[in-house]
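Worksheet: one structure, shown below.
Please read all numbers here as calculations on a predicted model, not as lab measurements.
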Amino acid sequence: MGDAHPAERHDPAVAFESAKLGVWTFLATEVLLFGALFTAYAVFRLKFPALFHAEHEKLDRVLGAANTVVLITSSLTVVLGVDAARRGRMRLLQAYYGATILLAAVFLGVKYVEYGEKFHHGLHPGTNIFFSLYFMLTGLHGIHVLLGMGVLAYVLVMAGRGRYSEEYRTPVEMSGLYWHFVDLVWIYLFPLLYLAG
Amino acid sequence: MGSGAHGGIRKYLAVFGALLCLTVATVLVSYADLGILNVVVALLIASLKASLVALYFMHLRGESRLVWGFALAPIAFLLLILFGTLVDTQLR
């Protein structure tokens, strides 16, 4: 505290870099949170290869692929929003973030249909170890999508109130990093659960 | 920064196109029966996609070594946990 130069303490560039390291540190804890479940997946898959092969075929590859495309598209709209903010185009930022929130809702909608179908066929989190992991992993990811929508909506509203500018757009950049991470997790979940049996 | 905003958008669209192509590729490969190679190929394609997202969308490409360290350290820990657990459960 005491030895920080007053000018440095209020330097926006320093604040921005600190925020960035903070978000990357948070994402590190997220990697380990999902990592523990990925480890459980690897252990049980090696233990019950036949079960995993038979059960993964009950997942809808087409819906999974469609949701992958939806999420990748939402990553594009976020990065275009951040790019717009960097150029001081705050209206454009709002449009791109609005589109992202819409795509996130589509993703959750498809997930809702998938869950409904599974429950309808008597496939529950308690059915077997494969579906325990499926519901745990996709459920935890779904919660992250929901939280991400909240963060993006906050930035969208604050942009509307004129809180950000070309010079100050730290929350815009940080919300973008978080959303890309949500996309990253799904990039691994999709092949592991739906494709590779 | 700022050297042609359109160049930036074009770059993002190119990455987006690559991500779509890789998604199609990973779905198509999953219909072929390659045995254990199915998982290997699926994970390789996923890692390629993840790298594109991290490098271009999360702007890791232009970041300092410090940020790279923050980004890569958790992966090292994840591999440690994964391999440590597998060595224990597989070789017991």
Side-chain angles (χ1 to χ4, degrees), chain A residues 17 20-25 27-32 34-36 38-40 42-47 49 53 56 61-62 64-65 68-69 71-73 75-80 82-84 86-87 89 166 173 176-177 179-181 183-192 194-197, chain B residues 1-2 5 8-9 11-13 15-17 19-20 22-24 26-27 29-31 34 36-50 52-54 56-60 63-64 66-75 77-86 88-90:
Chain A
E17 290 302 313
K20 203 156 62 185
L21 290 181
V23 170
W24 278 102
T25 306
L27 294 184
T29 70
E30 295 270 85
V31 167
L32 296 179
F34 281 100
F38 280 125
T39 305
V43 168
F44 287 108
R45 197 198 148 114
L46 287 166
K47 203 172 176 187
H53 182 73
H56 104 282
R61 236 179 269 212
V62 177
T68 305
V69 172
L71 221 49
I72 287 174
T73 310
S75 238
L76 175 72
T77 52
V78 156
V79 83
L80 289 177
V82 171
D83 184 72
R86 285 181 177 187
R87 290 184 284 127
R89 308 272 308 273
E166 231 172 308
E173 300 264 352
L177 279 179
W179 190 256
H180 294 308
F181 177 80
D183 185 24
L184 275 188
V185 172
W186 184 259
I187 282 176
Y188 280 97
L189 282 185
F190 171 56
L192 283 178
Y194 290 77
L195 299 182
Chain B
M1 235 195 240
I9 291 172
K11 181 182 73 188
Y12 294 138
L13 286 175
V15 172
F16 175 66
L19 290 171
L20 285 186
L22 288 169
T23 302
V24 171
T26 196
V27 172
V29 167
S30 78
Y31 285 102
L34 306 173
I36 187 75
L37 271 181
N38 271 121
V39 191
V40 177
V41 172
L43 281 176
L44 277 179
I45 295 179
S47 298
L48 196 57
K49 288 166 74 180
L52 285 175
V53 170
Y56 293 97
F57 285 177
M58 297 172 94
H59 306 109
L60 204 51
E63 293 289 4
S64 64
L66 184 62
V67 178
W68 272 85
F70 273 66
L72 292 182
I75 297 171
F77 278 108
L78 175 58
L79 292 177
L80 189 68
I81 293 168
L82 194 59
F83 284 109
T85 308
L86 288 181
D88 182 42
T89 53
Q90 294 306 111

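Residues B:K49 and A:I72 are in side-chain contact: their nearest non-hydrogen atoms beyond the backbone lie under 4.5 Å apart. Residues A:L177 and B:H59 fail the side-chain proximity criterion, which asks for heavy atoms closer than 4.5 Å. At least one side-chain heavy atom of A:R45 sits less than 4.5 Å from a side-chain heavy atom of B:V39. A heavy-atom distance below 4.5 Å is not found between the side chains of A:W179 and B:M58. Counting heavy atoms from C-beta outward, B:Y31 and A:R61 have side chains that approach closer than 4.5 Å. By the 4.5 Å heavy-atom criterion applied to side chains, B:F57 and A:L76 are counted as neighbours. Looking only at side-chain heavy atoms (C-beta outward), A:V82 and B:Y12 stay at 4.5 Å or farther from each other.
Residue with the most contacts toward chain A among B:A42, B:S47, B:A54: B:S47 (heavy-atom pairs, distance under 4.5 Å). Among A:A36, A:G35, A:S75, the residue with the largest count of heavy-atom pairs under 4.5 Å with chain B is A:S75. Per-residue counts of heavy-atom pairs under 4.5 Å with chain B were compared for A:Y188, A:F34, A:F190; the largest is that of A:Y188.
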B:L19 vs A:T68, test: side-chain contact (heavy atoms from CB on, under 4.5 Å). Steps then yes/no. CA-CA 10 Å; B:L19 290 171; A:T68 305; over 6 Å; no
Check against side-chain contact (heavy atoms from CB on, under 4.5 Å), B:F77 and A:L32: CA-CA 8 Å; B:F77 278 108; A:L32 296 179; 4.0 Å; yes
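Between the CG atom of A:L80 and the CG atom of B:L13 there is a distance of 6.5 Å, given to the nearest 0.5 Å. Note that OG1 of B:T26 is 14.0 Å distant from OH of A:Y194, once rounded to the nearest 0.5 Å. Here the OG1-CG distance, from A:T39 to B:L82, works out to 4.5 Å after rounding to the nearest 0.5 Å. If you take CG on B:L60 and NE2 on A:H180, they are separated by 12.0 Å, rounding to the nearest 0.5 Å. Distance check: A:L195 CG to B:I45 CD1 gives 9.0 Å after rounding to the nearest 0.5 Å.
With a 4.5 Å cut-off on non-hydrogen atoms, B:L86 touches chain A through its side chain but not through its backbone. Residue B:F83 does not touch chain A at all, counting heavy-atom pairs closer than 4.5 Å. Contact of B:A73 with chain A is not made at all, since no heavy-atom distance falls under 4.5 Å. Proximity to chain B involves both the backbone and the side chain of A:T73, based on heavy atoms less than 4.5 angstrom apart. In this structure, chain B has heavy atoms under 4.5 Å from both the backbone and the side chain of A:L21. Only the side chain of B:T89 comes within less than 4.5 Å of a heavy atom of chain A; its backbone N, CA, C and O stay farther away. Contacts of B:L52 with chain A are absent, with no heavy-atom separation under 4.5 Å from either backbone or side chain.
Residues A:A65 and B:V27 share a closest heavy-atom pair of CB-CG2, 3.9 Å.
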